[in-house]
Trainee: 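Take this structure, written in structure tokens, and hold onto it; I'll ask about it next.
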Amino acid sequence: MDGPKIFKNREALDPSFIPDELPHRDAEIEQIAGLTACALKGDVPPNFLCYGMTGTGKTATIRYVSQKLAQYCDSNPPWWIYINCNVVSTPYRVLAHIYNTISGKEKIPPTGLPKDIIFKKLLGLLDLYIKTNVCFLVLDEIDILIEKKGGNEILYDLTRLNENLDVCRANVIGISNKLKFKEFLDPRVKSSLGQEELVFHPYNANELSDILEKRAKVAFQEGVINEGVIKLCAGLAAKEHGDSRKALQLLRKAGEHSERNQRAFISESDVNKAQQDIEKDHVVEYILGMPLQSQLTLTAIYLMRKFSKENIITSGDIYEIHLELANKLTNTKLLTKRRISDYINELALAGIITANTRSLGHYGRTKIITLDIDISLIEKVLSQVKHISMADLLNYKPLLLQTDKVKIKNNVFKKLL
DNA sequence: TATCCACAGGAAATCAGGGTGT
DNA sequence: ACACCCTGATTTCCTGTGGATA
């Protein structure tokens, strides 16, 4: 409270913040405007797709264009409905979300109704509310929707909305950060959704600097930040596929760090500290957010490392230890090998462990697991897990490790590897 | 060279928990 | 009360497989 004031407007560093101008996205803005502006004349714009890695400004650009478009028409601006498929993650909920957004009330319950009923209701609503106008449905992270069952169907339905509408025109815009997601698209959807495509290229370090500079002016007090700090943030983020979100996050964290230390300006060491923090925060948050069973899987790996530093960890071992741990807890189901296998994959995907499938000849095929994160951090995080018995588990030596069964196996494996 | 281990991982089925309208 | 809906987590069933060993 007493320290010097660093931030002027912290929100400007938020990923959802839409600045007054978007540097280095002129071409994209023009393209999107070109595709959508005909809505103002009452024409039907084409559906289209936007590709690009995280933090390349896809969502921001579309939001930006939608704002500008609204400025250019005095009556009946087009509707823009944003749907983040990561949050609104099932076909049912997509429909419900669209309906509820338009009606402005929670008319559709979160579950219970058949999909086709909602679809019919939605058609009626669109014609009723959005008279002689266009409704843009922006599906962010559309790839997540596709991977689920029924994802293709719902997209098909959405792209066909117009055939069932009398007055209103609906239009689908898909945003994806996976370039290859089109492979999973149903051919019928592909042809109607992929009428136009635009690719957002990653920002380079200089472009990121420009972006940060503009935002920093809004976000920080005078004299808090210098060019070196911005360059450093931009450089670090440029290494990570030019992710502007990462760059902004770095800047914000660095600001918070210097604020905590009651300094009136941000130094480059604040940025470096921020870089470390971000990685750590990510892991901590992820682990604490996992379901208990997944946490148990991680605990199993942790214990294996803790009590036998030398041993090679295989998926079979983890399964057995997981079983043991789950048995010690009440109200915990015993899972199958199949499920544990998936949990291990998820941990690997999150970058917490590495799991390489190896064949050990007569000793079968298995995953060789290594911990990618400092074991002390794992211990610290797991001890924060809100479960009465978790603390006990962290000091429990699994039966499996009390025999020399593992040791014998381990010796054989070591020779093979 | 055939065998066979100990799983990997896809697909479909099942279950439980949260709902609906009639 | 009843028939039926949607979802997410998990199980069941299954086929596939790299390479040391007999």
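Protein chains get the first letters and strands the later ones, always in sequence-line order, with residue 1 at the start of each.
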Trainee: Could you pull out all residues at least two apart from A:Ser66 that satisfy side chain to side chain donor-acceptor pair (under 3.5 Å)?
Mentor: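 A:Ser66: side chain to side chain donor-acceptor pair (under 3.5 Å) contacts with A:Tyr82.
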
Trainee: Report which part of the nucleic acid A:Leu416 touches: base, sugar-phosphate, or nothing (heavy-atom distance under 4.0 Å, all strands).
Mentor: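 Sugar-phosphate, backbone atoms only, no base.
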
Trainee: Can you name the side chain to side chain contact (heavy atoms under 4.5 Å, CB included) partners of A:Lys120, sequence neighbours left out?
Mentor: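 In terms of side chain to side chain contact (heavy atoms under 4.5 Å, CB included), with neighbours along the sequence ignored, A:Lys120 is linked to no residue.
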
Trainee: Restricting to side chain to side chain contact (heavy atoms under 4.5 Å, CB included), what partner residues turn up for A:Thr101, sequence neighbours left out?
Mentor: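 With sequence neighbours excluded, A:Thr101 shows a side chain to side chain contact (heavy atoms under 4.5 Å, CB included) to A:Ile81, A:His97, given in chain and number order.
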
Trainee: With a 3.5 Å cut-off and heavy atoms only, can you find an N or O donor on one side and an acceptor on the other between the side chain of A:Arg365 and the base of B:dG9?
Mentor: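 There is none.
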
Trainee: What is the distance, rounded to the nearest whole Å, between atom CG of A:Asp342 and atom P of B:dC7?
Mentor: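 Nearest whole value for this atom pair: 16 Å.
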
Trainee: Can you measure from CD1 (A:Ile118) to CG (A:Leu113) and round to the nearest 0.5 angstrom?
Mentor: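 CG of A:Leu113 is found 5.0 Å from CD1 of A:Ile118.
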
Trainee: Using a 3.5 Å cut-off and no angle test, enumerate the donor-acceptor pairs between side-chain atoms of residues 13-20 of chain A and protein atoms at least two apart in sequence or in another chain.
Mentor:
unit_1  : atom_1 : unit_2  : atom_2 : d
A:Asp14 : OD2    : A:Ser16 : N      : 3.1
A:Asp14 : OD2    : A:Ser16 : OG     : 2.6

Trainee: Please report, rounded to the nearest Å, how far the P atom of B:dA8 is from the CD atom of A:Glu346.
Mentor: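 From A:Glu346 CD to B:dA8 P: 14 Å.
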
Trainee: Any base atoms under 4.0 Å from A:Leu334, or only sugar-phosphate, or nothing? Heavy atoms, all strands.
Mentor: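 Sugar-phosphate contact only.
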
Trainee: Using side chain to side chain contact (heavy atoms under 4.5 Å, CB included) as the criterion, list what pairs up with A:Phe181, not counting sequence neighbours.
Mentor: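 Here the qualifying residues are A:Leu49, A:Tyr51, A:Ile142, A:Asp143, A:Ile146, A:Ser176, A:Lys178, A:Leu185.
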
Trainee: With side-chain hydrogen bond (donor to acceptor under 3.5 Å, both in side chains) as the rule and sequence neighbours excluded, what pairs involving residues 405-417 of chain A come up?
Mentor: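 Only A:Asn311-A:Asn410, A:Asp317-A:Lys409 qualify under side-chain hydrogen bond (donor to acceptor under 3.5 Å, both in side chains).
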
Trainee: Just by protein heavy atoms under 4.0 Å, how would nucleotides 14-22 of chain B read 5' to 3' in B, S and -?
Mentor: ----BBS--

Trainee: OP1 or OP2 of B:dG9 sitting under 4.0 Å from any side-chain N/O of A:Asn345?
Mentor: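 Indeed, a polar side-chain atom of A:Asn345 lies that close.
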
Trainee: Can you list the residues that meet the side chain to side chain contact (heavy atoms under 4.5 Å, CB included) rule with A:Glu285, with sequence neighbours excluded?
Mentor: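 With neighbours one apart ignored, the set is empty.
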
Trainee: Going by distance alone, is a donor N or O of one side chain under 3.5 Å from an acceptor N or O of the other, for A:Gln293 and A:Tyr343?
Mentor: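 Note: A:Gln293 and A:Tyr343 side chains miss the donor-acceptor criterion.
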
Trainee: Rounded to the nearest Å, what distance is computed from the CZ atom of residue A:Arg338 to the C1' atom of nucleotide B:dA8?
Mentor: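 After rounding, the reported distance stands at 8 Å.
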
Trainee: 5' to 3' on DNA chain C, which nucleotides open and close the contacts with chain A (atom under 4.0 Å from a heavy atom)?
Mentor: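 Here the contact window of chain A covers C:dC5 to C:dT21.
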
Trainee: Which value, rounded to the nearest 0.5 Å, describes the distance between A:Ile318 atom CD1 and A:Lys337 atom NZ?
Mentor: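 One finds 13.0 Å between CD1 of A:Ile318 and NZ of A:Lys337.
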
Trainee: Quickly work out the A:Tyr363 OH to B:dC7 P distance and round it to whole Å.
Mentor: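 Nearest whole value for this atom pair: 14 Å.
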
Trainee: Give the rounded distance in Å between these two atoms: CD1 of A:Ile368 and P of B:dA8.
Mentor: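 Rounded to the whole Å, the gap is 10 Å.
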
Trainee: Closer to the 5' end of DNA chain B via nearest nucleotide, is it A:Lys367 or A:Leu360?
Mentor: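 First, find each residue's nearest nucleotide; the 5'-ward one identifies A:Leu360.
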
Trainee: With sequence neighbours excluded, tell me which residues meet side chain to side chain donor-acceptor pair (under 3.5 Å) with A:Asp372.
Mentor: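 Result, side chain to side chain donor-acceptor pair (under 3.5 Å) vs A:Asp372: A:Thr354.
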
Trainee: Using whole Å, what does the distance between atom C1' of nucleotide B:dA2 and atom NE2 of A:His362 come to?
Mentor: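 Atom NE2 in A:His362 sits about 10 Å away from atom C1' in B:dA2.
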
Trainee: Does A:Lys121 have any side chain to side chain donor-acceptor pair (under 3.5 Å) partners at least two apart in sequence or in another chain, and if so, which?
Mentor: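 Residues passing side chain to side chain donor-acceptor pair (under 3.5 Å) with A:Lys121: none at all.
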
Trainee: Across the strands shown, which category fits A:Arg93 at heavy-atom distances under 4.0 angstrom: base, sugar-phosphate, nothing?
Mentor: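 Counting heavy atoms under 4.0 Å across all strands, the contact made by A:Arg93 is with sugar-phosphate only.
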
Trainee: Going by number, which of residues 302-326 of chain A have a non-hydrogen atom under 4.0 Å from DNA chain B?
Mentor: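 Close to the strand are A:Ser315, A:Gly316.
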
Trainee: Rounded to whole angstrom units, what separation is found between the CZ atom of A:Phe413 and the P atom of B:dC5?
Mentor: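 Spelled out: CZ on A:Phe413 to P on B:dC5 is 14 Å.
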
